[in-house]
**Q** 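Take this structure first; my questions come after.
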Number of protein chains: 2
Amino acid sequence: MRIGELAARSGVSVRALRYYEEQGLLEADRSGSGQRHYPESAADRVQLIQMLYAAGLSSRTIAELLPCVEAKVSTPESRARLTAERDRIDAQIAALTRTRDRLDAVILFSGSPASGCRWIAGQDAAAQANHTATR
Amino acid sequence: MRIGELAARSGVSVRALRYYEEQGLLEADRSGSGQRHYPESAADRVQLIQMLYAAGLSSRTIAELLPCVEAKVSTPESRARLTAERDRIDAQIAALTRTRDRLDAVILFSGSPASGCRWIAGQDAAAQANHTATR
DNA sequence: CTAAAACCTGACGTTGACGTCAGAGGCAAG
DNA sequence: CTTGCCTCTGACGTCAACGTCAGGTTTTAG
């Protein structure tokens, strides 16, 4: 498939796909006229790339680890990197969990009918119950 | 305390503290000569700011929600924002967890002695056991 | 009193993952 | 054939959270 279709399928921009290639994350066959052609498997690969970007990995790190993750093989060096990144992600999850719990506490407390949240007059309890029921 | 000490205590740079003030996240008393003076409580506030930055909130959003989080009060609007951010963080935690599990699978599989990871010759099982024992 | 250290404002520099635009070709339909 | 859409390369633009530097004032240690 060509780049536009891959972009549509994987939900990223055409520019992003070219950028991934530039960073050595995604290879493409070229037609005689220079157009990129991707196999079906490219969609999965793009998903994986996005996944790793979302976890805070840089292009360089992704380029280093992507083959390992796809093939499930690793050298001692790459295994060290993998472990380091996993630990970093673990720490990030822990931090995010604390942050979420903190926000939850604010939401629950300030949203509770008994909490005296009526610090701006004119709020009726119905709207508050609505928000509280969000969870 | 002055800005240098606050920076040292909270582990952020002086520049960052000035930036926070510029963004309306952190206020400071000024001495006659214009130097910033912070109360003890500023350290906690900075920690909270860092926490929210780390969760992916922008300066603008933090400025909006910081008073709510500190005082545990909220208007209906801010509660909606709080809920939205919490949900976003929840989703991010879920995505990170999936990513971590994927990395874990690679580490465990490629690190297992029986996995045939010896695809580069010359590795002894002892080093592998070391890495495996990391967790 | 003096020199070092800390602080001030203002302004330009950095980084990464793209967005966007320009100008030029390629490709199936009518 | 030509119209309209897709693609190409190359290059500059963006945005946020600071880093860094310049040039000057203030505070502190000796």
Side-chain angles (χ1 to χ4, degrees), chain A residues 1-39 42-43 45-66 85 88-89 92 95-96 99, chain B residues 1-39 42-43 45-66 85 88-89 92 95-96 99:
Chain A
M1 84 188 82
R2 292 190 302 173
I3 198 171
E5 191 180 344
L6 178 57
R9 282 203 203 179
S10 51
V12 309
S13 71
V14 167
R15 178 66 174 95
L17 295 178
R18 295 204 190 102
Y19 178 74
Y20 297 164
E21 180 172 339
E22 191 183 320
Q23 300 298 307
L25 308 181
L26 188 62
E27 48 183 27
D29 299 336
R30 296 302 187 110
S31 74
S33 58
Q35 300 205 345
R36 295 171 178 83
H37 283 272
Y38 300 93
R45 194 180 178 94
V46 171
Q47 295 296 328
L48 185 52
I49 292 172
Q50 290 277 102
M51 192 177 190
L52 296 175
Y53 271 129
L57 306 211
S58 68
S59 291
R60 217 180 68 81
T61 305
I62 295 177
E64 193 180 334
L65 299 183
L66 196 50
E85 294 300 334
R88 204 183 45 70
I89 293 172
Q92 199 179 340
L96 285 175
T99 305
Chain B
M1 84 188 82
R2 291 191 302 172
I3 197 170
E5 190 181 344
L6 178 58
R9 282 201 203 181
S10 50
V12 308
S13 71
V14 167
R15 178 67 174 92
L17 295 178
R18 295 203 190 104
Y19 178 74
Y20 296 164
E21 179 172 340
E22 192 182 318
Q23 300 298 307
L25 308 180
L26 187 62
E27 49 184 27
D29 300 336
R30 295 302 185 110
S31 73
S33 59
Q35 298 206 346
R36 294 170 178 84
H37 283 272
Y38 300 92
R45 195 180 176 94
V46 172
Q47 295 297 327
L48 185 51
I49 291 171
Q50 290 276 103
M51 191 176 190
L52 295 175
Y53 270 129
L57 306 210
S58 68
S59 292
R60 216 180 69 81
T61 305
I62 296 177
E64 193 180 334
L65 299 183
L66 196 51
E85 294 300 333
R88 205 184 44 72
I89 294 173
Q92 199 178 342
L96 285 176
T99 305

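Just so we're on the same page: letters track the sequence lines, and every chain starts at 1.
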**Q** Do the non-hydrogen side-chain atoms of B:Arg30 and B:Arg36 ever get within less than 4.5 Å of each other?
**A**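 In short, these two side chains touch, coming nearer than 4.5 Å.
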**Q** Answer yes or no: is there an ion pair linking A:Arg88 with A:Glu85, defined by an N-O contact shorter than 4.0 Å?
**A** yes
**Q** Nearest 0.5 angstrom please: A:Ile3 CD1 to A:Arg15 CZ, how far?
**A** 10.0 Å
**Q** Determine whether more than 12 heavy atoms belonging to other residues, nucleotides or ligands lie under 6.0 Å from atom CD of A:Gln47.
**A**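 Enclosed.
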**Q** Is any side-chain heavy atom of A:Tyr38 less than 4.5 Å from a side-chain heavy atom of A:Leu26?
**A**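 A side-chain contact under 4.5 Å exists here.
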**Q** How many angstroms lie between CG in B:Leu48 and CG in B:Leu65, if you round to the nearest 0.5 Å?
**A**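 Output value for this atom pair is 10.0 Å.
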**Q** Please state whether the phosphate of C:dC27, meaning OP1 or OP2, lies under 4.0 angstrom from any side-chain nitrogen or oxygen of A:Ser33.
**A** yes
**Q** Whole angstrom is fine here: how far is it from CG in B:Leu6 over to P in C:dA6?
**A**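 To the nearest whole Å, that distance equals 15 Å.
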**Q** Report the nucleotide, chosen from C:dA17, C:dG25, D:dA17, that has the shortest atom-to-atom distance to any side-chain atom of A:Gln35.
**A** C:dG25
**Q** What integer distance in Å separates B:Leu57:CG from D:dA16:C1'?
**A**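 Rounded to the whole Å, the gap is 14 Å.
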**Q** Of the residues in residues 15-31 of chain B, which ones touch DNA chain C at a heavy-atom distance under 4.0 Å?
**A** B:Arg15, B:Arg18, B:Arg30
**Q** Rounding to an integer number of Å, can you tell me how far B:Met1 CE sits from D:dT28 C1'?
**A** 19 Å
**Q** Specify the separation, in whole Å, of atom CZ of A:Arg2 and atom P of C:dG26.
**A**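 To the nearest whole Å, that distance equals 13 Å.
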**Q** Name all residues meeting the side-chain contact (heavy atoms from CB on, under 4.5 Å) criterion together with B:Gln23; count only those two or more places apart in sequence or in a different chain, and write none if there are none.
**A** B:Tyr19, B:Leu25, B:Ser59
**Q** Could you check B:Ser59 against B:Gly32 and say which one's nearest nucleotide on DNA chain D is further toward the 5' end?
**A** B:Ser59
**Q** For B:Ser13 and D:dG19, is the shortest distance between a side-chain N/O and OP1 or OP2 below 4.0 Å?
**A**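 Yes, within the criterion.
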**Q** Taking atom P of D:dC18 as reference, at what distance in whole Å does atom CD1 of B:Ile3 sit?
**A** 13 Å
**Q** Counting just side-chain N and O atoms, does B:Arg36 come under 4.0 Å of either OP1 or OP2 of D:dT26?
**A** no
**Q** Considering heavy-atom distances to DNA chain C, does B:Glu5 or A:Arg60 have its closest nucleotide positioned more toward the 5' end?
**A**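 Final value for this comparison: B:Glu5.
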